[in-house]
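It should be emphasised that the depicted structure is a prediction, and the values quoted were computed from it without experimental measurement. Proteins get letters first, then strands, A, B, ... in listed order; numbering begins at 1 in each.
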Number of protein chains: 4
Amino acid sequence: MVPVEARRRTVPPPTVLTRPGDEPTAAALLAAAVEVMAVNGYHGSSVRDIASAAGTSPAVLYHHYESKQGLLVRLCDRGLDVLLRATEDALDDAGPDPADRLGAIVEAHVRVHMDSQRESLIGNSELRALEAPGRALVVAKRDAQQRLFDRVVRDGVRSGRFTTAHPDEASRFITTACTGVATWYRRGGPLTDDDVVTRHRAIALDAVGCGR
Amino acid sequence: MVPVEARRRTVPPPTVLTRPGDEPTAAALLAAAVEVMAVNGYHGSSVRDIASAAGTSPAVLYHHYESKQGLLVRLCDRGLDVLLRATEDALDDAGPDPADRLGAIVEAHVRVHMDSQRESLIGNSELRALEAPGRALVVAKRDAQQRLFDRVVRDGVRSGRFTTAHPDEASRFITTACTGVATWYRRGGPLTDDDVVTRHRAIALDAVGCGR
Amino acid sequence: MVPVEARRRTVPPPTVLTRPGDEPTAAALLAAAVEVMAVNGYHGSSVRDIASAAGTSPAVLYHHYESKQGLLVRLCDRGLDVLLRATEDALDDAGPDPADRLGAIVEAHVRVHMDSQRESLIGNSELRALEAPGRALVVAKRDAQQRLFDRVVRDGVRSGRFTTAHPDEASRFITTACTGVATWYRRGGPLTDDDVVTRHRAIALDAVGCGR
Amino acid sequence: MVPVEARRRTVPPPTVLTRPGDEPTAAALLAAAVEVMAVNGYHGSSVRDIASAAGTSPAVLYHHYESKQGLLVRLCDRGLDVLLRATEDALDDAGPDPADRLGAIVEAHVRVHMDSQRESLIGNSELRALEAPGRALVVAKRDAQQRLFDRVVRDGVRSGRFTTAHPDEASRFITTACTGVATWYRRGGPLTDDDVVTRHRAIALDAVGCGR
DNA sequence: GATGAATGAGATTTCATTCAT
DNA sequence: GATGAATGAAATCTCATTCAT
């Protein structure tokens with residue numbers, strides 16, 4: 001079901017989701033799920049695919065996770081925590097100028113979508129595969145992230161620093177475009193990571209009508 | 001596999017993809033596939049789901065389409081044709097001012113993503129489910145659409161009408177954000193279709209640094 | 001289901017089974033069935049395979065034959081008629097010497113299994129696919145052919161010309177071996193058709209203990 | 001698909017193919033496959049037929065065998081191993097006289113085709129159902145068996161013990177006829193197993209022109 | 001009389017998950 | 001706690017056959 005390359009056994013642990021305290025098998029399974037699901041999607045990835053990408057068996061997976069769905073929830077949840085945390089940290093470190101603040105969170109958002117590209121991809125495209133209880137949790141965090149952007153943009157408009165007539169739409173415009181980075185970004189592509197960040201900052205500021 | 005609501009039989013025919021000359025069953029199947037796959041994705045939608053949403057049986061589906069994969073290819077291909085055609089028509093009708101031209105194609109792009117929301121959703125999120133031969137075709141059309149935007153933005157920069165320092169990235173920024181409309185748009189939401197269009201035109205022009 | 005080579009449309013009509021009076025379509029279908037079933041067996045050949053090897057559609061097949069099973073019966077029945085007729089003719093033309101008579105029917109049997117190789121193959125290996133009514137008919141003709149051999153061998157033993165102590169077993173030994181020709185014979189192989197015939201005659205005579 | 005009688009559960013374990021070390025379920029499935037396929041052929045036997053003849057479900061079959069095709073390969077391969085081994089053992093135990101040697105391998109060949117009648121039947125008639133990789137393996141073993149006979153017959157001719165002018169054809173004549181035993185033999189028929197063996201030995205010796 | 005659509009059963013195979021050991 | 005077997009439902013797709021036109 002899963003193409004050849006996803007079956008390799010030695011999966012470099014996607015460090016973002018693995019914390020030292022975790023049991024290594026559970027972490028390997030989560031990492032394998034990221035690998036496999038990023039390529040084939042939730043419904044296109046079988047429990048056997050995931051388990052064997054982690055070098056174990058389905059039975060082991062069920063020892064660590066309640067279900068395939070549970071694995072997805074954990075995966076999305078952690079991914080969003082990373083994103084939210086990075087964005088909040090950026091705000092904490094930024095000064096008061098709305099342009100600086102928007103630039104900082106664009107940078108955070110873009111960097112996470114490059115560094116944890118696969119988790120981000122899954123968190124975006126597999127929302128529909130989430131069942132009710134987990135979905136609510138994930139949607140809530142997703143909305144929280146959006147509201148962080150909304151607030152910064154509104155503040156900028158209120159202060160006159162940004163001139164856009166449509167702050168909420170501009171805010172969504174920006175997060176959507178920056179989230180899309182996970183779709184096309186390839187490490188080693190024509191732009192360095194810093195290039196990508198710089199340009200997205202610049203364009204985002206333009207998009208809110210911020211003559212720098 | 002597919003939740004109850006996706007099984008309803010009364011599917012408003014997604015007129016964009018159905019031409020009067022088509023055999024009605026084949027068209028109904030295509031329409032049903034759009035309905036079902038937009039909700040559950042390609043791998044999450046069974047052939048039985050699709051067939052019964054069209055009021056027939058899997059065997060009938062295989063009489064009209066080579067495979068489930070073939071159905072997806074047809075669906076994506078037609079969807080992109082609609083998008084490309086709309087964008088090209090918009091350029092043909094637009095005047096020479098780069099701002100008008102960009103506004104026109106943003107409008108076309110956004111309208112297609114609202115009018116044919118489900119096809120657009122599938123065409124975007126199920127690229128990975130496409131197998132080699134069909135995938136190339138679809139990717140080619142997708143790239144063609146992007147290049148239409150790239151050219152307009154570059155022209156605007158060359159003529160001095162747009163001031164962005166990163167025309168290609170801005171171009172992708174804009175298409176990504178406008179494509180995302182299919183993700184969140186709900187008919188009858190707080191904004192009219194015209195509102196959505198107007199605001200995206202405005203933000204897109206800001207994003208390329210076009211003081212109007 | 002059927003490998004590539006069996007799908008070609010231009011099937012040289014296997015003249016043995018086609019008589020000038022037949023409707024050409026019915027004959028083409030029979031010929032196609034021989035082609036396809038010889039390669040894939042009855043259960044391995046679909047009605048669609050057969051029809052398209054004949055350049056038509058399943059519906060046409062059902063216009064000419066009652067069912068797939070009916071086609072098989074017709075095919076086996078005609079094949080055995082050819083075999084029986086050839087063997088009887090050989091006996092009619094042969095002189096009184098048992099050695100000549102056995103030689104003559106071995107030649108007839110072997111020639112039919114080379115000339116109508118595919119029909120013979122099917123007639124032998126698809127007996128089990130025949131359902132009750134047709135099966136009886138075919139088995140009866142098969143037994144009749146065996147009895148022709150049995151009688152010749154017994155006559156030879158009675159007259160002292162053959163010395164085998166086991167005439168019936170020798171008879172079956174010979175028909176089994178000669179029927180097997182259809183299994184391995186390839187036109188253009190190392191032996192000419194006449195070689196094959198000559199050698200089988202000689203060995204068969206040895207097998208009944210006939211010092212020539 | 002398979003008629004009633006083939007569905008009975010009480011299958012006498014075909015001990016030839018079942019070794020004590022085997023997992024019982026895998027062995028039962030192999031035994032059931034032999035039963036069912038001997039009656040209906042490979043394409044005429046469904047995975048469900050086989051599984052339920054073994055008292056399990058298709059899913060269990062796929063836990064033990066890669067595919068229906070894989071089951072066939074295993075079955076043919078083991079059957080031919082038994083045949084080859086029996087023939088080689090017979091040669092090892094036989095004295096130097098070519099007549100004894102031919103008699104010994106005819107006996108071995110015939111006995112295997114009576115004792116493991118169904119495996120032999122399948123191994124002979126389902127060669128065409130074997131797909132490329134497995135087919136080569138099976139054909140190779142089949143050829144090896146033929147060569148054992150060829151060598152014995154040639155030796156007999158070289159030493160002057162056999163007088164046939166066509167050793168290779170006589171050799172094939174004999175194996176074909178002896179293989180055919182699996183086609184008509186019924187336990188409890190008019191001849192005892194020893195009778196069948198004795199008579200085939202005698203006729204085979206006649207067929208190579210061996211005046212005893 | 002010929003053709004394309006339809007049909008309902010059934011084909012092989014895979015699924016997520018559980019259970020003994 | 002870990003493993004291989006088992007399970008029953010469901011996956012995609014094909015079957016022989018019939019029916020309108």
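- Spacing between atom NE2 of D/H64 and atom C1' of F/dA6 amounts to 8 Å, rounded to whole angstrom units.
- Rounded to whole angstrom, the span from the CG atom of D/L29 across to the P atom of E/dT13 amounts to 14 Å.
- The interatomic distance linking C/N40 (CG) with F/dT14 (C1') rounds to 15 Å, in whole Å.
- Residues passing the side-chain hydrogen bond (donor to acceptor under 3.5 Å, both in side chains) test with A/E131 are A/Q69, sequence neighbours excluded.
- Take C/R128 and apply the side-chain hydrogen bond (donor to acceptor under 3.5 Å, both in side chains) test, not counting sequence neighbours, and it matches D/E126.
- Nearest heavy atoms, A/A129 versus A/Y42: CB-CD2, 3.5 Å.
- Atom CG of C/D49 is separated from atom P of F/dC13 by 18 Å (rounded to the nearest Å).
- Separating the CD atom in A/E35 from the CD1 atom in A/I122 is a distance of 9.0 Å, to the nearest 0.5 Å.
- To the nearest angstrom, C1' of E/dT12 lies 12 Å from CD of D/E131.
- As rounded to whole Å, 18 Å separates atom P of E/dA9 from atom CG of B/L61.
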C/L71 vs C/E66, side-chain contact (heavy atoms from CB on, under 4.5 Å): CA-CA, chis, key distance, verdict: CA-CA 8 Å; C/L71 191 52; C/E66 167 185 35; over 6 Å; no

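- In this structure E/dA20 sits in a base pair with F/dT3, meeting the Watson-Crick or G-U test at under 3.5 Å.
- Between F/dA2 and A/H63, a contact under 4.0 Å exists linking OP1 or OP2 to a side-chain N or O.
- Here the side chains of B/K68 and B/L61 are not in contact, with every heavy-atom distance at 4.5 Å or above.
- Pairing for F/dC13 is with E/dG10, a Watson-Crick or G-U wobble pair whose two hydrogen-bonding atom distances lie under 3.5 Å.
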Contact state string [nucleotides 16-21 of chain F, B base, S sugar-phosphate only, - no protein heavy atom under 4.0 Å]: SBB---

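- Between C/Y65 atom OH and E/dA2 atom P there is a gap of 13 Å when expressed in whole angstrom units.
- Of the side-chain N and O atoms in A/S57, none sit less than 4.0 angstrom from OP1 or OP2 of F/dG4.
- Atom-to-atom, CD1 of A/I50 to P of E/dC15 comes out at 11 Å; the value is rounded to the nearest Å.
- What you find for A/C76 and A/L130 is that their closest heavy atoms are SG-CD1, 4.3 Å.
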